[in-house]
Amino acid sequence: YSSVRGCMILRPYGYAIWENIQHILDGMFKDTGHENVYMPMLIPESLLQKEKDHVEGFAPEVAWVTQGGNETLAERLCVRPTSETLFCEHFSHIITSYRDLPKLYNQWCSVLRWEKTTRPFLRTAEFLWQEGHTMHATAQEAIDETEQMLNIYAQFCQEQLSMPVIKGRKTEKEKFAGAEATYTIEAMMHDGKSLQSGTSHYFGDGFARAFHITYTDKDNTLQYPHQTSWGVSTRIIGAIIMTHGDDSGLVLPPAIAPMQVVVLPIAQQKPGVCEKATELQARLKKRFRTGIDLSDNSPGWKFSQYEMKGVPLRLEIGPKDMEKDQCVLVRRDTREKYFVPLAELEEKVEVLLAEIAKNLYQRALENRERRTWVAANMDELKEIADHNNGFIKSMWCGDEAFERKLKEVAGVSSRCMPYQQEVLGENRCVCCGKPAKAMVIWGKAY
RNA sequence: CGGGAUGUGGCUCAGUUUGGUAGAGCGCUGCGUUCGGGACGCAGAGGCCGUGGGUUCGAAUCCCGCCAUCCCGACCA
């Protein structure tokens with residue numbers, strides 16, 4: 001934390017993780033036709049007020065700028081908690097014809113929310129994120145965009161972060177302020193608590209109407225465009241820590257690890273060892289993010305240090321190895337040791353990094369499956385929730401009152417209605433026994 | 001925002017009950033010996049005891065306000 005309440009400092013190693021995440025995601029956004037822009041950090045109050053649900057949702061947690069220099073401002077400005085309103089105002093100026101659509105914008109920035117309770121990474125007052133904002137001619141196009149971006153997030157989490165996620169839709173109670181529908185990827189942490197790891201919203205034309213964004217269609221009729229927004233934040237770093245970490249510290253997925261391999265000399269005072277270690281680092285650097293530690297800390301200290309930092313692979317090189325023209329590779333996830341002929345080093349590193357990514361995914365998936373239950377009625381659900389953290393699947397009639405009730409009696413909230421719906425038991429609501437509308441996953445959230 | 005707890009070298013904490021010149025371990029600096037799972041010896045540096053006020057001859061210690069952090073709950077999208 002910094003000296004400002006709830007605000008976190010990202011030091012180089014942590015920021016490097018974010019940069020790697022940014023780089024991969026940004027590529028995925030651009031591959032699907034999105035362009036980066038930058039909007040101001042400040043929003044005039046009148047602009048924030050334009051969409052009723054939106055302002056009601058965010059007003060309690062925005063910070064205000066009321067003074068510039070020595071002058072009190074005629075209109076106060078809020079520090080953006082999210083930028084829908086700024087994008088909408090801008091869209092209202094630049095969209096006039098169907099030829100102007102779609103607009104596929106994204107921005108990387110930080111936002112500020114005056115949270116009552118903060119938690120490092122998971123809920124900080126200011127946090128880094130990307131927010132995509134898009135405008136489309138038709139509802140269907142916007143719905144497809146919402147889904148496409150959710151799929152990109154899910155793919156990123158599963159393939160790059162080795163983090164299984166459940167794609168689904170949020171209930172009315174849990175959806176974004178001003179959205180018609182909110183979609184989410186829900187991940188389960190090591191301790192069974194769930195974390196919303198990314199969201200994608202479909203707005204319909206609600207904001208467009210509030211901000212008077214219109215375009216002329218091919219047949220010369222005035223239309224409202226349909227809108228989406230979607231975001232992933234530094235919270236995802238918290239998700240990585242809590243999905244894969246163990247008692248020795250971080251375990252980082254190779255794709256985003258600032259250092260994929262760390263080269264550690266053994267008996268480094270012996271002639272040639274440091275030179276050999278440096279040479280191996282230089283070799284590996286051509287293909288992998290590779291670090292080296294030539295400090296005079298003991299080897300044991302270094303082992304612990306880089307395990308704590310979650311470096312996926314450790315390379316040990318000492319006099320005994322040099323005699324045999326080999327080195328030792330040790331995996332962070334399983335701590336397995338491999339004696340590797342130097343001629344095969346790059347190939348072995350490549351294979352092991354891929355195996356680590358796969359194994360991390362499997363482990364996380366197994367943890368999630370082990371902690372997933374089905375509840376047929378409220379008593380069962382409470383019984384499960386009282387003794388476990390995890391996902392509880394059950395049928396639900398759609399009544400919001402029951403969401404509040406379950407929060408009250410069992411401490412769980414609805415995480416999502418998964419895309420992959422199932423019909424459990426006799427398809428009756430877990431609370432009232434009436435015919436159900438959807439299967440919901442309940443859980444304790446961070 | 002409610003209930004509870006805590007702020008003392010970089011970190012973890014003792015000292016506060018019973019007011020009397022600020023302590024430990026780790027870390028840090030230098031030198032030497034070590035080095036295949038968090039090495040060791042010697043010598044050093046480092047603190048307006050969260051902050052503002054009050055009581056007192058004297059406050060880390062007692063009283064009041066504020067700020068921050070942690071746990072539980074509410075809020076959260």
Side-chain angles (χ1 to χ4, degrees), chain A residues 1-8 11 53-54 56-62 81-82 84 111 113-120 122-125 127 129 131 168-186 194-203 229-233 235 247-249 263-271 273-274 277 293-309 314-324 326-330 332 335 337 339 400 403-404 407-409 411 413-417 443-446:
Chain A
Y1 280 133
S2 72
S3 53
V4 179
R5 196 189 89 88
C7 291
M8 197 174 59
R11 294 190 288 183
D53 292 338
H54 187 69
E56 278 174 12
F58 280 103
E61 54 182 53
V62 294
T82 178
E84 272 75 10
V111 291
R113 299 180 184 179
W114 214 255
E115 302 283 356
K116 297 200 168 127
T117 305
T118 59
R119 266 187 109 99
L122 300 187
R123 181 167 293 111
T124 48
F127 55 92
W129 78 346
E131 46 179 330
R169 181 175 174 173
K170 284 285 187 189
T171 61
E172 285 299 298
K173 180 174 178 294
E174 300 286 328
K175 79 176 185 188
F176 181 82
E180 233 171 72
T182 288
Y183 299 88
T184 176
I185 45 172
E186 293 289 324
S194 47
L195 188 73
Q196 178 174 335
S197 305
T199 50
S200 186
H201 312 292
Y202 170 62
F203 288 115
S229 80
W230 27 274
V232 158
S233 73
R235 170 185 274 193
D247 288 348
S248 303
V263 176
L264 301 182
I266 306 294
Q268 67 189 68
Q269 82 290 357
K270 298 273 167 61
V273 173
C274 283
D293 189 341
L294 298 176
S295 72
D296 59 4
N297 290 302
S298 71
W301 185 91
K302 291 177 188 173
F303 295 165
S304 302
Q305 181 69 7
Y306 293 95
E307 277 169 11
M308 192 167 72
K309 296 189 116 172
R314 166 171 94 231
L315 187 157
E316 300 173 19
I317 179 79
K320 290 185 218 162
D321 302 310
M322 286 165 66
E323 279 171 26
K324 298 180 198 160
Q326 66 173 28
C327 68
V328 177
L329 288 175
V330 184
R332 173 63 179 86
R335 293 171 209 255
K337 250 183 190 188
F339 295 89
E400 204 172 308
E403 287 185 84
R404 280 192 287 273
K407 174 81 195 186
E408 201 180 297
V409 304
S413 57
S414 71
R415 305 317 309 152
C416 72
M417 301 176 281
K444 293 167 198 162
Y446 268 104

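Lettering follows sequence order; numbering is per chain, from 1.
By the 6.0 Å contact criterion, CH2 on A:W114 is open, its count of non-hydrogen atoms from other residues, nucleotides or ligands being 12 or less.
Within 4.0 Å of A:K302, counting heavy atoms only, lies no atom of the nucleic acid at all. Within 4.0 Å of A:D296, counting heavy atoms only, lies no atom of the nucleic acid at all. Within the 4.0 angstrom heavy-atom criterion, no nucleotide atom of any strand lies near A:G411. Contacts of A:A177 with the nucleic acid, taken as non-hydrogen atoms under 4.0 Å apart, include base atoms. The residue A:K175 sits close to a base: some heavy atom pair falls under 4.0 Å. A:E61 comes within 4.0 angstrom of the backbone, heavy atoms only, and of no base. Looking at heavy-atom distances under 4.0 Å, A:T117 makes contact with a base. Base engagement by A:E316 is indicated by at least one non-hydrogen atom pair under 4.0 Å involving a base atom. Nucleic acid contact class of A:R314 (heavy atoms, under 4.0 Å, all strands): base. At a threshold of 4.0 angstrom between heavy atoms, the contacts of A:R113 are confined to the sugar-phosphate backbone, with no base atom among them. Looking at heavy-atom distances under 4.0 Å, A:P319 makes contact with a base.
Separation of the C1' atoms belonging to B:U12 and B:G7 is 13 Å when rounded to the nearest angstrom. Nucleotides B:U21 and B:G15, compared at atom C1', are 15 Å apart to the nearest Å. Nucleotides B:G37 and B:G19 place their C1' atoms 49 Å apart, quoted to the nearest Å. The same atom, P, is picked in B:C26 and in B:C67; the two are 38 Å apart, to the nearest Å. B:C72 and B:U55 have their P atoms separated by 41 Å, given to the nearest Å. Spacing between B:A60 and B:G54 at atom P, rounded to whole Å, works out to 15 Å. Going from the C1' atom of B:U33 to that of B:G25 covers 23 Å, rounded to whole Å. A gap of 10 Å separates the P atoms of B:U61 and B:U17, to the nearest Å.
Residue-to-nucleotide proximity on RNA chain B shows that, of A:I317 and A:Y446, the 5′-proximal contact is made by A:I317. Checking A:G6 against A:P299, the closest nucleotide of RNA chain B that is more toward the 5' end is the one next to A:P299.
Pairing partner, B:A60: none, since no Watson-Crick or wobble contact has both distances short of 3.5 Å. Using Watson-Crick or G-U wobble geometry with both donor-acceptor distances under 3.5 Å, B:A39 finds its partner in B:U33. Nucleotide B:U55 is matched to nothing when pairs are restricted to Watson-Crick or G-U wobble geometry with both distances under 3.5 angstrom. Base pairing annotation: B:G10 forms a Watson-Crick or G-U wobble pair with B:C26, both donor-acceptor distances under 3.5 Å. The partner of B:C66, taking Watson-Crick or G-U wobble pairs whose two distances both stay under 3.5 Å, is B:G50. When Watson-Crick and G-U wobble pairs are counted only if both distances are under 3.5 Å, B:G2 pairs with B:C72.
Between the base of B:G36 and the side chain of A:D321 there is a donor-acceptor pair shorter than 3.5 Å. A:T184 contributes no side-chain N or O that forms a donor-acceptor pair with the base of B:A77 under 3.5 Å.
Comparing atom distances between the A:E115 side chain and each of B:A77, B:A39, B:C35 picks out B:A77 as nearest. Each of B:A77, B:G37, B:C35 was ranked by its minimum atom distance to the side chain of A:I266; first place goes to B:C35. Side-chain atoms of A:R123 lie closest to B:C76 of the nucleotides B:G38, B:C76, B:G37. Checked against B:C70, B:G38, B:G36, the side chain of A:P120 finds its nearest nucleotide in B:C70. For A:Q305, taking side-chain heavy atoms from C-beta onward, the closest of the listed nucleotides B:C76, B:A77, B:G38 is B:G38.
Electrostatic pairing of A:E172 and A:K175 counts as a salt bridge here, judged by a charged N lying under 4.0 Å from a carboxylate O. Under 4.0 Å is where a charged nitrogen must lie from a carboxylate oxygen, and between A:E403 and A:K407 no such pair does. A salt bridge links A:E186 and A:R415; the closest N-O separation between the charged side-chain nitrogens and carboxylate oxygens is under 4.0 Å.
Checked against A:F176 for a ring-ring contact (aromatic ring centres under 6.0 Å, His included), the options A:F58, A:Y202, A:Y183 give a single hit: A:F58.
For the pair A:R235 and A:F127, the NZ or CZ position fails the cation-pi test of under 6.0 Å to the six-membered ring centre and within 45 degrees of the ring normal.
Nearest approach of A:T118 to A:A125, heavy atoms of both residues: CG2-N, 4.1 Å.
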